[in-house]
Protein chains: 2
Amino acid sequence: MNVHSCKLRDGMKRTAKRDDIIKASLDLIAEHGFHGAPIALIAEKAGVGAGTIYRYFDSKDVLIAELYRELEEEIVSTLQEGCQEEKSVRDRYIFMCRKLLEYLITHPLNFRFMEQYFNSPYGISLRRDKIIGKRDERNAFERLFEEGISRQVLKDLPVYVLAALTFSPIVSLVRDHTLGLINLDGDVIAKSIDACWDGIKR
Amino acid sequence: MNVHSCKLRDGMKRTAKRDDIIKASLDLIAEHGFHGAPIALIAEKAGVGAGTIYRYFDSKDVLIAELYRELEEEIVSTLQEGCQEEKSVRDRYIFMCRKLLEYLITHPLNFRFMEQYFNSPYGISLRRDKIIGKRDERNAFERLFEEGISRQVLKDLPVYVLAALTFSPIVSLVRDHTLGLINLDGDVIAKSIDACWDGIKR
DNA sequence: TAGAGGAGAATGAACGTTCACTCCTGCAAG
DNA sequence: CTTGCAGGAGTGAACGTTCATTCTCCTCTA
């Protein structure tokens, strides 16, 4: 397989057509999975020719990776805003969980895509990098966990256990909600988040 | 596409060759995903011709579904044995969680396959059937949850929330463990299960 | 008219599935 | 016992389809 560099300069990255392609990919992959999103369909949905996609992305893999990066950036910035550092660990935890849940529920396409991505070969190596620590940017949650442990309000468990106790149930509930299998109302959401807190608090 | 019935009678279902094919499929899918397990490779690994597989299974989908059914059966029967009904809800919960975790960790291939399966189109519809209730066989965990709610030792939450608070963290931890990203020792396992209990207990 | 941007047909690789064939076993006739 | 035969088991080359990627030609616009 030839490694060839993209012919586009950075300055032309942000075009309407490029965004159409990204959006079409998001829709199709979120709704039908990676298999249900062949290039031909993406091109049709984006209203461009199949070849055009390769003027903007070197390969389908690159397209998907870039889509992921954009979504991750959006989520991270959403999670970071509005968190008041002076509040207690518990209040901040509840606040951030609620915000995460709210974001995922109101952006079902983004959520479904991220799920596909994490459960694919792409996601595995990403996970590996994150946990092994090649990417050493501690995110807001990890910082909160570490603070909670040192203040002795959280159980003295590895951060990845606290993360598993928090994110996995949330993601699982949101998945079933967006698939229409269950219906998460405000009451259940609040109680579920409280339950997560009960799991990790000392 | 023609719908044709399988030509084999039930009596010949259990042959060594059939088991070779099932085993080869498990190994390849667990290790490399559905994409990394084309029929040609499965055949090679099983030591049979590609066509032979179709003497035992109508299609690759049927092969995968049957593999899933066998594994599910094994897990369910493993989980059910040895649970003492006279013990407290808490003790039974801890016991079953520990057993589940132990099974998943000692059968990484089975676990990896199940993960692939659940995160594929097959798994989605299965999930749908299970939650919507077409399959109304309450499993051991769900019965325990219902008992705990009615005895007021568990939070009064929908069973699917209690399930999410239990299985999702366990599965997440086992995944990272079998991928070699983390190392679950007995101490962390015990504490993690206790934390799950803290999350669901009233 | 030159040249970039775009379209979609062409290409080749990979896959699931089929099918014409061989091999093997058991058995009945001679 | 030998021979011939029937048919199930097994094979793998070949087929048709699908897909990502490339290529060629068209269409604007400057």
Side-chain angles (χ1 to χ4, degrees), chain A residues 1-26 28-29 31-68 116-117 120-122, chain B residues 1-25 28-29 31-67 116-117 120-122:
Chain A
M1 192 180 300
N2 264 334
V3 176
H4 61 280
S5 62
C6 186
K7 289 140 268 167
L8 301 170
R9 353 228 110 273
D10 285 1
M12 59 174 74
K13 273 190 114 182
R14 283 285 169 190
T15 70
K17 233 171 247 285
R18 200 199 93 105
D19 288 349
D20 289 346
I21 294 166
I22 286 270
K23 181 64 168 58
S25 306
L26 172 60
L28 282 172
I29 293 174
E31 200 151 357
H32 302 109
F34 287 111
H35 295 111
I39 288 286
L41 253 189
I42 294 176
E44 190 188 341
K45 185 147 188 158
V48 303
T52 305
I53 292 178
Y54 289 85
R55 301 195 60 82
Y56 293 92
F57 305 97
D58 279 343
S59 70
K60 197 185 180 186
D61 280 3
V62 169
L63 162 59
I64 289 169
E66 223 150 305
L67 173 50
Y68 168 77
Q116 306 270 358
Y117 189 84
S120 73
Y122 312 114
Chain B
M1 193 179 299
N2 264 335
V3 175
H4 63 278
S5 62
C6 186
K7 289 141 267 167
L8 300 170
R9 351 229 109 274
D10 285 2
M12 61 175 72
K13 272 191 113 182
R14 284 286 168 188
T15 70
K17 230 169 250 286
R18 199 198 95 105
D19 288 348
D20 288 346
I21 294 166
I22 286 271
K23 182 64 168 58
S25 306
L28 283 172
I29 294 175
E31 199 152 355
H32 301 111
F34 287 112
H35 294 109
I39 288 285
L41 253 190
I42 294 176
E44 189 188 341
K45 184 148 190 158
V48 304
T52 306
I53 292 177
Y54 290 85
R55 303 195 59 80
Y56 293 91
F57 306 96
D58 279 344
S59 69
K60 196 185 180 186
D61 280 4
V62 168
L63 162 60
I64 289 169
E66 225 149 304
L67 173 51
Q116 305 269 359
Y117 190 84
S120 73
Y122 314 112

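Each chain gets a letter, A, B and so on, in the order the sequences are listed, and its residues count up from 1.
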Using a cut-off of under 3.5 Å, enumerate the N/O to N/O pairs linking the protein to nucleotides 14-20 of chain D.
| from | atom 1 | to | atom 2 | distance (Å) |
| --- | --- | --- | --- | --- |
| D:dA20 | OP1 | A:Lys60 | NZ | 2.3 |
| D:dA20 | OP2 | A:Ile39 | N | 2.5 |

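- Looking at A:Arg18 and A:Ile21, their side chains never come closer than 4.5 Å, going by heavy atoms from C-beta outward.
- Rounded to an integer number of Å, the gap from CD1 of A:Ile21 to P of C:dG5 is 13 Å.
- In this structure, CZ of A:Arg55 is placed 16 Å from P of D:dT21, rounded to the nearest angstrom.
- Atom-to-atom, CD of A:Glu44 to P of C:dG8 comes out at 10 Å; the value is rounded to the nearest Å.
- Taking both residues in full, the closest heavy atoms of B:Ile22 and B:Leu67 are given as CG2-CD1, 3.7 Å, listed atom of the first, atom of the second, then distance.
- One can place CD1 of B:Ile42 at 16 Å from P of D:dG12, the figure rounded to the nearest angstrom.
- Here the closest heavy-atom approach between residue B:Leu63 and residue B:Ser25 is recorded as CD2-OG, 3.4 Å.
- Counting heavy atoms from C-beta outward, B:Val62 and B:Glu66 have side chains that approach closer than 4.5 Å.
- Atom NZ in B:Lys17 sits about 12 Å away from atom P in C:dC24, given to the nearest Å.
- Proximity of B:Phe57 to B:Ile53: side-chain heavy atoms (C-beta onward) are separated by under 4.5 Å at one or more points.
- Between the CG atom of B:Asp58 and the C1' atom of C:dT18 there is a distance of 13 Å, rounded to whole Å.
- Two residues are said to be in side-chain contact when any heavy atoms from C-beta on lie closer than 4.5 Å; A:Ile29 and A:Ile64 meet this criterion.
- Within the 4.0 Å cut-off from OP1 or OP2 of C:dG6, at least one side-chain nitrogen or oxygen of A:Tyr56 is found.
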